[in-house]
Each structure stands twice: as C-alpha cells, then as structure tokens.
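Ligands are counted one by one from 1 in listed order, and the atoms in each one are counted from 1 as well. Keep in mind that what you see is a predicted model, and the values were worked out from it rather than measured.
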Amino acid sequence: MTDAATPPFTTRQVRLRERPVGYPDDSTWETVTEQVPAPGPGELVVRVSHISLDPAMRGWLNDVRSYLPPVGIGEVMRAGATGTVVASEHPAYAVGDAVMGSFGVTEYAVSDGSGVTKMDLDVAAAPTWLGALGMPGMTAYFGLTDVGRVQPGDTVVVSGAAGAVGSVVGQVAKAMGCTVVGIAGGPEKCAWLTSIGFDAAIDYKAENVLKRLREVAPKGIDVFFDNVGGDILDAGLANLRRGARVVICGAIASYNETSLPDGPRRYMSLLVFRATMTGFVVFDYEDRYPEAVEKIAGWIADGSVVARETVVTGGVDAFGSTLLGLFEGTNTGKLVLALEEDGRGVTAG
Ligand code: NAP
C-alpha cells in the first residue's frame, strides 16, 4: 500500500470517559477525533495496524495504586499496538519501519520512541508480535522459568490455558520436558490444547477441577501457573507436590468483581507442601525480552510452539466490545483488534 499519510491529519482515538463499576460498557468510553501534528525533533508518528486487548486493561481503569498509574479520565486508553512509521524526526526510526509500542487505542500515535521496538515481519506477522512474541509471550517465559523455576520432568499446570499467556506457558513447558495440564473453558479449547501437545486438559466449566487434577497429576503439581484465581487457584493449591512453586500471573475471575474475593482458602497447602506462591509483573523483565523473543521464535520455527491469535477487525470504536471478549472467553490465543483498511489502518503484517 502506498503511503499517502503525511501529517497533519486526523486520528480517531478511544478515551476513558468514566470509570466502570463492574464490567466496562458504552458509558466507559468515548471516541474522539484529534489532529495529529507533524513530529517534532526526536519524535515519530505511527499508523497503528493492530491493537492488543489485555485483561490488565480492566485494572488500569480503577483509581487504585498499582504497578502502573491508572488511565486518567479523558486520556487515550493505554494499549500495546503495532504499526508503521509514517513520519519521523527520530534518528532511530525511518518511514516504513514496522514497530510495536504502547501507542494506545488510536489510529495514529505520536511517540518520542520510548518503549518502541522494531518488529521483524519475516519472523512473524504483527498479531504474533502482540502475542507469543510480545508481552504475553514474555510473561509466559519469565513466569515459568524465572518465577516458577521450572525443571525438566516437572508437572506444570496452567489455568487460562487456551489464552495468550497460558497457551505459551504450556507449550514452553512441554518444550522443556515437562508434563503439562491445561485448565480452560469448553470442549473446543480443551481439544485444541491436547492437539498442540498438552498432556491433558480440564474443562473447568464442565468438570470438577480439584478432583480432575488429582486424576491427571497424581504425584502432585510442581509448578501451578495461575491466570484465573478464585476456585481454580484453590483447586491447584489442593494438589501441590512438596516444594511446589505457585506463580501468580493473574486473577481474571475477579477483575470485574465489585467486592474482594474470599480466598485463597487453601493457602495452608503452602505450609504443608513447603511451597511458595509468588506474584510477578512482566515489565520487570524488560531488559531480558530479547532472550525470550529469541527462544520463543526458535520454538515457533521448529514447531514446538504454535502461536495462535483471535483477530477481530474493526475501527477503534470496536475496542470496548472487543475487550469484553476476554472476560467471556471468546478468544483462543491472543486477542487482537486489527484496524480496518480505511486509508488509516492496516499495513504491517
Ligand atoms: P487470555 O488468557 O488470552 O484471555 C483471557 C481468558 O481468561 C479468556 O479467554 C477466558 O478463557 C479466561 N477467563 C475469563 N474469565 C474467566 C473466569 N471467570 N474464570 C476462568 N477463566 C476465565 O488473556 P492473557 O492476556 O493471556 O492474560 C491471562 C492472565 O495473565 C490474566 O490474568 C492477565 O491479567 C495475566 N497477565 C499477567 C501479566 C503479569 O505481568 N503478571 C502479564 C500479562 C497477563 P476461558 O474460555 O478458558 O474461560
């Protein structure tokens, strides 16, 4: 596609209108049209092609102390995204470069280059750079290896197993010689997990997870990688092996709750099984991302890791409804919004 985009021009962007109580809805967001200025010295302008949808976004809407400040009322919604440089006064970026960064829910973004990295589209298409080769893949890799201290021969159980992080966790653990059990919602997702090499998959919507874990991991769990929290975390805690590592990656089951969860109720298993439970934030590993990208790209290339994305095509105003899909489980693998080809949309990947 030829590049007719030279600023100044307009961009549609999604801003936070009001903080949601419970699930976000139409009143949470507003779509506004803004002028994109020509880049100043040290700046670049990116035409966004794909926007990442992340469960953490729900947390960023709450006015609470966290690992990142909340998105402010009236601010463009924070989001990882990929795109193409369309104008640059930055020495490290040229027009036409395929890049990824925290560009927000917008058609065009002006950036000073902070946190922007170049993507090699010969290695993988843009959606994969938001998934297995992006932040979720980094989360899987460092959560498993560094926090979970996984060893060959371990029994690894992962919840949210058919999602962006979980599907990479399970496959990386298999590539490292572990026995892997996934917990996911519905028969299709469970069938997909076993088709990509998981030793067993438990459908938490239809099965008793605590009992099934006892059957499929009779010696107990060495690494429980939890993305969900609540009853699923309790089921994992009830099935630990001595010296187990419980990795607290997320707790999606509670992100839209308006009161605090009651658990974990089985935490005394940590004492009984001399286990540890450790939370982590992937951004602490930013310096080591290249190491994980190289490893995961290698596993994708040799077929050990299948990178899957659910790509929804739409305008930026489809962001709010697309985000809800994460909490309804409509995605398998990484959920991505591909901006429509309307003269301001997709070029990369
Ligand atoms: P994802 O797994 O691709 O998508 C979310 C999935 O969660 C859905 O597909 C759904 O799958 C499942 N889910 C939704 N509501 C649920 C519920 N009430 N009970 C059980 N499962 C539910 O999302 P992701 O980006 O890979 O993130 C997964 C987790 O990792 C999240 O908790 C996220 O916050 C966390 N995370 C943490 C870090 C970190 O640095 N610590 C970084 C990235 C992500 P089913 O159909 O199977 O229900």
contact_flag A162 ligand 1 heavy-atom lt 4.0 Å: no

Residue part near ligand 1, for E328, under 4.0 Å between non-hydrogen atoms: neither

Polar proximity ligand 1 side, A164 side, N/O cut 3.5 Å exclusive: yes

Proximity to ligand 1 by part of N331, non-hydrogen separation under 4.0 Å: both

For F280, the ligand 1 atoms whose distance to one of its heavy atoms is below 4.0 Å: 39 (C), 40 (O), 41 (N)

Side chain, backbone, both or neither: the part of A251 lying under 4.0 Å from ligand 1 by heavy atom: backbone

Exercise: do N227 and S159 side chains pair donor with acceptor under 3.5 Å: no

Atom CG of D262 with >12 non-hydrogen neighbours under 6.0 angstrom: no

Best match, V282, V169, T310: closest heavy atom to atom 40 (O) of ligand 1: V282

Cluster overlap L210 with L270, hydrophobic side-chain contacts below 4.5 Å: no

Derivation and outcome, side-chain hydrogen bond (donor to acceptor under 3.5 Å, both in side chains), residues T128 and E309: CA-CA 7 Å; T128 304; E309 299 91 26; 2.7 Å; yes

Shortest protein contact, atom 6 (C) of ligand 1 (heavy atom only): L326 O, 3.7 Å

T179 and K174: side chain donor to acceptor below 3.5 Å: no

Candidate list V311, L133, T310, T82, test side-chain contact (heavy atoms from CB on, under 4.5 Å), partner P127, passing option: V311

Protein residue, atom and distance nearest to atom 45 (P) of ligand 1, heavy-atom basis: K189 NZ, 3.6 Å

Residues R19 and N62: side-chain donor-acceptor under 3.5 angstrom: no

Pair W299, Y141: side-chain N/O donor-acceptor within cut-off below 3.5 Å: no

Atom 34 (O) of ligand 1 [closest protein heavy-atom partner, distance rounded to 0.1 Å]: Y255 OH, 2.7 Å

Polar contact flag for G185 and ligand 1 (N/O pairs, less than 3.5 Å): yes

Contact check: P55 vs ligand 1, nitrogen or oxygen atoms, below 3.5 angstrom: no

Test item, F283 contacting ligand 1 (heavy atom, 4.0 angstrom): no

Numbered atoms of ligand 1 (with element) below 4.0 Å of V228, judged on heavy atoms: 19 (N), 20 (C), 21 (N)

V165, portion touching ligand 1 at heavy-atom distance under 4.0 Å: both

Those atoms of ligand 1 less than 4.0 Å from some heavy atom in V281: 40 (O)

Nitrogen or oxygen atoms of P136 and ligand 1 under 3.5 Å apart: no

Ring centers of F280, F142 separated by less than 6.0 Å: no

Residues, nucleotides or ligands: over 12 heavy atoms within 6.0 Å of F283 CZ: yes

Protein heavy-atom partner closest to atom 10 (C) of ligand 1 - residue, atom, separation in Å: G329 CA, 3.6 Å

Sub-3.5 Å N/O-N/O distance, T139 and ligand 1: no

Pairing of K334 and D54 as salt bridge, 4.0 angstrom limit: yes

Residue, atom name and distance, where the atom is the protein heavy atom closest to atom 15 (N) of ligand 1: F327 O, 3.6 Å

Heavy-atom nearest neighbour in the protein, as seen from atom 30 (O) of ligand 1, with distance rounded to 0.1 Å: N227 OD1, 3.2 Å

Minimum-distance protein heavy atom relative to atom 7 (O) of ligand 1: I252 CD1, 3.6 Å

C249 N/O to ligand 1 N/O under 3.5 Å: yes

Q13 versus R15, side-chain donor and acceptor atoms under 3.5 Å: yes

Ligand 1 atoms in contact with G163 (distance to a heavy atom under 4.0 Å): 1 (P), 2 (O), 3 (O)

Sub-4.0 Å atoms of ligand 1 with respect to non-hydrogen atoms of A184: 47 (O)

Distance under 6.0 Å and angle within 45° of ring axis: K118 vs Y93: yes

Under 3.5 Å: N/O of Y204 near N/O of ligand 1: yes

D231/R265 ion pair, N-O < 4.0 Å: yes

Over 12 foreign heavy atoms within 6.0 Å of CD, E294: no

Side chain, backbone, both or neither: the part of K334 lying under 4.0 Å from ligand 1 by heavy atom: neither

Single-linkage hydrophobic cluster, 4.5 Å side-chain cutoff, I221 and M176 together: yes

Numbering as shown, the atoms of ligand 1 that approach G333 to under 4.0 Å (heavy-atom distance): 3 (O)

